[in-house]
Structure formats: structure tokens, C-alpha cells
Amino acid sequence: MKKSKVCIIVFLTALISFIGCDSKKEDELNQKIAELTELNSNLQNEISELKNQIEELENQNTELTNELNNLKASIAEKKNESSYENKIVENHDISYSLKFEYDGLNIKLFSEPNFGNEIYTIQKDDEIQITNIIRVIENDSVFVKAKLVSDPSIEGYIYLAQNPYKNGNFEPAELLEVAGNKIQTLKLDSTFIISEGTSIRELPSENSNSIHVVTHKEGGDYYKSSQITSDYQWVKITLGEYTGWVPANTLSRDVGGPTIYTPETTIKWNLIDSNLI
């Protein structure tokens with residue numbers, strides 16, 4: 001009986017020892033699992049942070065690429081500008097708008113003052129705002145710089161067959177004082193027929209002294225002009241021994257086109273009126 005009890009005790013001791021050993025291994029395993037879980041969590045956080053850093057770098061790379069492309073475009077634009085700016089021999093500022101009420105005028109807008117890159121064809125009901133009249137060395141050509149009123153991003157150059165500033169015309173001549181008012185005159189080297197009965201006056205004013213009245217015989221000939229007021233209302237002419245001022249509406253020409261080729265009438269005649277004949 002004693003022997004049997006001893007065996008039972010030994011067996012139970014061994015069993016408890018075995019169970020205790022498994023419990024210890026399970027604790028160690030659970031600890032390892034916890035450590036691995038924490039390590040995996042840390043790795044996931046690091047991966048997420050790296051992804052954010054990569055995304056940020058990609059955004060920075062996109063921004064830098066866009067800046068580089070803009071810089072390249074700007075440099076190319078500057079090169080294009082310098083390519084024709086060095087060829088400009090005249091550049092006159094002007095503020096003039098023109099509306100096209102007809103089809104088929106075939107007016108082209110070029111990217112530069114030459115006949116190279118065509119960017120737009122003027123359509124019926126288009127309106128353009130003109131800011132400059134320029135003359136370039138190449139073929140002694142004249143262009144107007146203009147942009148579309150409905151879409152100012154469409155801006156370029158339109159060929160002009162005539163130069164209103166030829167021979168220095170419409171450059172400042174002198175500043176007159178008439179009845180207390182300052183009147184700027186411009187150079188106008190041209191010839192006109194003067195209506196019979198027109199009074200030639202000392203100054204560009206109806207109140208100025210008349211120095212001669214144009215006779216019937218004198219009215220059929222051409223007479224040379226030298227100046228025009230900046231509002232285009234009076235023209236200084238020479239008729240024989242008389243030099244003075246006459247109203248612009250008393251002048252005429254027996255050829256087609258406007259009577260006085262001002263910058264504005266020259267543009268309208270070349271781009272519209274002459275194409276309707």
C-alpha cells in the first residue's frame with residue numbers, strides 16, 4: 001500500500017512538473033507573439049511614414065518639373081521676342097478698336113511680326129484692340145499688334161500694307177497756343193484738293209484771321225500740306241504765297257481711300273474697306 005502511494009505521488013509530481021513546463025513554454029510563446037506583434041506594428045508605422053515621405057517627394061518633384069517647364073517656356077518666349085525685337089525699326093503706340101462685320105476678309109493673326117506662325121483668322125463680328133503699329137527691317141513690313149476683345153489671350157500681329165508714319169508723318173511738330181488753349185500739331189506730308197470758298201486761316205480756329213479764300217480756279221488743284229492738329233480737325237497747307245490752316249473736312253482727293261491717311265483710317269482701310277471694293 002505504501003509502495004502504491006509512493007508511485008501515485010511520483011506520478012503526480014511528474015505530471016505537475018510536465019504541466020508546469022508546458023505553461024512556461026506557453027508564456028514564452030505568448031511573449032514572443034506579443035513582441036512580434038509590436039514589431040509588426042512598428043514596421044507598419046514606418047512603412048506608412050515612408051509612403052507619406054515618398055508621396056511628398058513625388059509632389060515636390062511634380063512642382064519642380066512644372067517650374068522647370070515654365071522656365072523653359074519663358075526662356076523660349078524671351079528668345080522669340082528678342083528674335084524680332086532686334087528687327088523693329090519703328091514702334092508707335094496707339095489705342096484703336098476695330099470690329100469686323102463681314103465674312104471672307106482673310107485677315108490673319110501671326111505670333112510674330114512676320115508671315116510665319118499663323119495663330120488665328122479673324123471672323124465675322126470679331127473685334128480687335130490695337131495697341132501698336134510697328135515696322136520691321138524684313139521687307140520693310142508694317143504690322144499692327146492686336147488682341148481679340150472677346151478673348152485677350154489671342155494676341156498677335158496683323159500685316160498692314162501701308163505705313164501711316166512714313167516720312168515721319170504724325171510725329172509731333174509744334175505746340176500752338178490758340179485762344180488760350182494749347183494745341184499739339186503733327187507732321188503731315190501729303191497733298192490735297194481744297195474746296196472752293198474755303199478760308200485759309202492764320203491759326204487752326206474758326207475765330208482766327210482769314211488770310212485767303214480759295215477761288216474756283218484754285219479749288220481744282222492739289223496743294224501740299226505740312227501739319228495736322230492732333231484731333232485731325234485742321235490741316236496746314238500752302239497755296240501759292242499763302243500758308244495757313246483749313247478745316248480737314250474741306251479737303252478731298254480724287255483717288256480711292258480715305259482723304260487723310262491717319263493711323264486709324266489707314267488701319268481700317270487696309271483691313272476692311274479696301275477688301276470690300
Side-chain angles (χ1 to χ4, degrees), residues 88-98 113 128-137 140-146 157-195 198-212 214 218-219 221-274:
I88 292 176
V89 291
E90 284 185 52
N91 189 348
H92 303 274
D93 294 333
I94 187 174
S95 180
Y96 180 58
S97 61
L98 188 64
I128 59 173
Q129 180 66 42
I130 297 169
T131 58
N132 298 84
I133 299 178
I134 66 172
R135 181 168 66 90
V136 295
I137 294 175
D140 198 31
S141 302
V142 178
F143 292 82
V144 296
K145 185 177 182 179
Y157 298 85
I158 300 173
Y159 174 69
L160 203 63
Q162 292 171 284
N163 180 11
Y165 296 98
K166 189 176 181 179
N167 299 325
N169 280 346
F170 298 98
E171 295 291 349
E174 58 182 320
L175 190 62
L176 301 178
E177 184 168 343
V178 181
N181 297 317
K182 301 289 186 181
I183 296 179
Q184 179 67 57
T185 70
L186 310 172
K187 182 181 178 182
L188 181 63
D189 182 9
S190 188
T191 57
F192 301 97
I193 298 171
I194 310 173
S195 298
T198 300
S199 291
I200 301 175
R201 300 184 182 277
E202 291 181 354
L203 294 170
S205 169
E206 290 289 352
N207 297 322
S208 179
N209 293 331
S210 175
I211 59 177
H212 180 69
V214 178
E218 293 169 335
D221 294 331
Y222 274 89
Y223 299 98
K224 188 173 178 59
S225 67
S226 58
Q227 293 184 34
I228 186 171
T229 54
S230 59
D231 60 4
Y232 307 148
Q233 297 300 306
W234 290 83
V235 176
K236 190 175 186 179
I237 57 94
T238 296
L239 190 160
E241 62 184 289
Y242 305 104
T243 297
W245 294 87
V246 298
N249 59 12
T250 65
L251 303 177
S252 62
R253 299 162 57 89
D254 58 5
V255 293
T259 299
I260 303 175
Y261 278 89
T262 67
E264 293 82 2
T265 58
T266 300
I267 292 171
K268 187 173 183 294
W269 170 255
N270 278 265
L271 300 188
I272 297 179
D273 296 342
S274 65

Participant: Distance-only, no hydrogens or angles: does the N132 side chain make a donor-acceptor pair with backbone N or O of I134 under 3.5 Å?
Facilitator: no
Participant: CD1 of I183 to CD of Q233: how many Å apart, nearest 0.5 Å?
Facilitator: 10.5 Å
Participant: Just by modelled atom types, is the V136 backbone N or O under 3.5 Å from a matching donor or acceptor in the S141 side chain?
Facilitator: no
Participant: Please report the closest heavy-atom contact between P164 and I133, naming both atoms and the distance.
Facilitator: CG-CD1, 4.1 Å
Participant: For L186 and S230, which heavy atoms make the closest approach, and how far apart are they?
Facilitator: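 The answer is CD1-CA, 4.0 Å.
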Participant: Do you know which two heavy atoms are closest between Y223 and E218, and how far apart they sit?
Facilitator: OH-O, 2.7 Å
Participant: Where the side chain of T259 meets the backbone of S252, is there a donor-acceptor pair that is under 3.5 Å apart?
Facilitator: no
Participant: Looking at CG of L98 and CD1 of I130, how far apart are the two atoms once the value is rounded to the nearest 0.5 Å?
Facilitator: 5.5 Å
Participant: First locate atom CD of Q184, then atom CD of Q227, and finally report the distance between them rounded to the nearest 0.5 Å.
Facilitator: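 Going from the CD atom of Q184 to the CD atom of Q227 covers 9.0 Å.
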Participant: Over 60° means perpendicular and under 30° means parallel, so tell me whether H212 and Y242 are parallel, tilted or perpendicular.
Facilitator: parallel
Participant: N163 versus E90: any side-chain heavy-atom pair under 4.5 Å?
Facilitator: yes
Participant: Where do E206 and R201 land on the side chain to side chain contact (heavy atoms under 4.5 Å, CB included) test, with the steps shown first?
Facilitator: CA-CA 8 Å; E206 290 289 352; R201 300 184 182 277; 3.7 Å; yes
Participant: Test your reading of the model: is there a side-chain donor-acceptor pair from S208 to the backbone of S205, 3.5 Å cut-off?
Facilitator: no
Participant: If you compare all heavy atoms of V246 against all heavy atoms of S199, which two are closest, and at what distance to 0.1 Å?
Facilitator: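 The answer is CG1-O, 3.8 Å.
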Participant: Start with the C-alpha distance between V144 and Y96, add both sets of side-chain angles, then the distance that settles side chain to side chain contact (heavy atoms under 4.5 Å, CB included), and finish with yes or no.
Facilitator: CA-CA 10 Å; V144 296; Y96 180 58; over 6 Å; no
Participant: In terms of the angle between their ring planes, are F170 and Y232 parallel, tilted or perpendicular, with boundaries placed at 30° and 60°?
Facilitator: perpendicular
Participant: Quick check on side chain to side chain contact (heavy atoms under 4.5 Å, CB included): which of I193, I194, I237 does Y222 satisfy it with?
Facilitator: I193
Participant: Would you kindly say whether D189 and N169 are connected by a side-chain donor-acceptor distance under 3.5 Å?
Facilitator: no
Participant: Heavy atoms, side chains only, cut-off 4.5 Å: are P247 and T198 in contact?
Facilitator: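 Touching, per the 4.5 Å side-chain cut-off.
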Participant: Assess whether side chain to side chain contact (heavy atoms under 4.5 Å, CB included) is satisfied between I267 and I94, documenting all intermediate values.
Facilitator: CA-CA 11 Å; I267 292 171; I94 187 174; 4.1 Å; yes
Participant: Quick one: pull up OG1 in T238 and NZ in K236 and give me the separation to the nearest 0.5 Å.
Facilitator: 7.5 Å
Participant: Ignoring hydrogens and geometry, is there a side-chain-to-backbone donor-acceptor pair from E202 to S210 under 3.5 Å?
Facilitator: no
Participant: For L188, does its backbone N or O pair with a side-chain atom of S225 as donor and acceptor, under 3.5 Å?
Facilitator: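 Indeed, once roles are kept as given, a pair shorter than 3.5 Å links the two residues.
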Participant: Could you pull out the closest heavy-atom pair between F192 and I260, with the gap in Å?
Facilitator: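 Heavy-atom minimum between the residues: CE2-CG1, 3.8 Å.
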Participant: Q129 versus S95: any side-chain heavy-atom pair under 4.5 Å?
Facilitator: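 Sidechains of S95 and Q129: in contact.
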Participant: What's the verdict on side-chain hydrogen bond (donor to acceptor under 3.5 Å, both in side chains) for T265 and T262, showing C-alpha distance, side-chain angles and the deciding distance?
Facilitator: CA-CA 5 Å; T265 58; T262 67; 3.0 Å; yes
Participant: Looking at A161, is its backbone amide N or carbonyl O close enough to the side chain of N270 to form a donor-acceptor pair, meaning the two atoms are under 3.5 Å apart?
Facilitator: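 A pair under 3.5 Å: yes.
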Participant: I need the T185 OG1 to I228 CD1 distance, nearest 0.5 Å.
Facilitator: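 With rounding to 0.5 Å, OG1 (T185) is 10.0 Å from CD1 (I228).
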Participant: Before you tell me yes or no, could you show the steps for Y165 and R135 under side chain to side chain contact (heavy atoms under 4.5 Å, CB included), namely the whole-Å CA-CA distance, both residues' side-chain angles and the distance that decides it to 0.1 Å?
Facilitator: CA-CA 9 Å; Y165 296 98; R135 181 168 66 90; over 6 Å; no
Participant: Starting at NZ of K268, measure out to CG of D273 and round the result to the nearest 0.5 Å.
Facilitator: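 One finds 3.5 Å between NZ of K268 and CG of D273.
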